[in-house]
Peer 1: 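Structure in structure tokens, see below.
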Amino acid sequence: MSEKVTMRIKENGSIRITGTVDIVDADGNVIESKTDFSLCRCGNSNNKPWCDGAHKATGFEAPAL
Ligand code: FES
């Protein structure tokens with residue numbers, strides 16, 4: 001995997017990953033490869049570590065980077 005992956009910290013929202021990354025377990029084994037997804041940074045997702053949109057309903061506030 002050599003394509004560049006980008007990570008965007010969204011205002012009042014998630015961390016958007018653009019590109020394909022390997023998700024690994026604690027031993028470094030690849031669980032799955034995932035493309036273009038959002039990680040939760042508000043702590044309210046019912047599907048952590050993925051964003052499920054809950055940040056909108058909870059009024060999460062944080063600046064973009
Ligand atoms: S950032 Fe979207 S649910 Fe937490």
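When a ligand or atom number is given, it counts from 1 through the structure's own listing order.
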Peer 1: Give the C-alpha distance, both sets of side-chain angles, the deciding distance and a yes or no for side-chain contact (heavy atoms from CB on, under 4.5 Å) between K34 and T20.
Peer 2: CA-CA 5 Å; K34 200 164 176 72; T20 301; over 6 Å; no
Peer 1: Got an N, O or S from C51 under 2.8 Å of atom 4 (Fe) of ligand 1?
Peer 2: no
Peer 1: Using a strict 4.0 Å cut-off to heavy atoms of D52, name the atoms of ligand 1 that fall inside it.
Peer 2: 3 (S)
Peer 1: Where does K56 meet ligand 1, judged by heavy-atom distances below 4.0 Å: at the side chain, the backbone, both, or neither?
Peer 2: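 Answer for K56: neither.
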Peer 1: So, is H55 placed with an N/O/S atom under 2.8 Å from atom 4 (Fe) of ligand 1, counting both backbone and side chain?
Peer 2: no
Peer 1: First locate atom CZ of R8, then atom CD1 of I17, and finally report the distance between them rounded to the nearest 0.5 Å.
Peer 2: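 R8 atom CZ to I17 atom CD1 measures 11.0 Å (nearest 0.5 Å).
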Peer 1: About how many Å separate OG of S14 and NZ of K56, when rounded to the nearest 0.5 Å?
Peer 2: 8.5 Å
Peer 1: How far does CG of D36 sit from CZ of R16, to the nearest 0.5 angstrom?
Peer 2: 5.5 Å
Peer 1: Pairing donors with acceptors under 3.5 angstrom, does anything connect the side chains of T58 and N44?
Peer 2: yes
Peer 1: I'd like to check which ligand 1 atoms, numbered from 1 as shown, lie under 4.0 Å from a non-hydrogen atom of C40.
Peer 2: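 In order of number, 1 (S), 3 (S), 4 (Fe).
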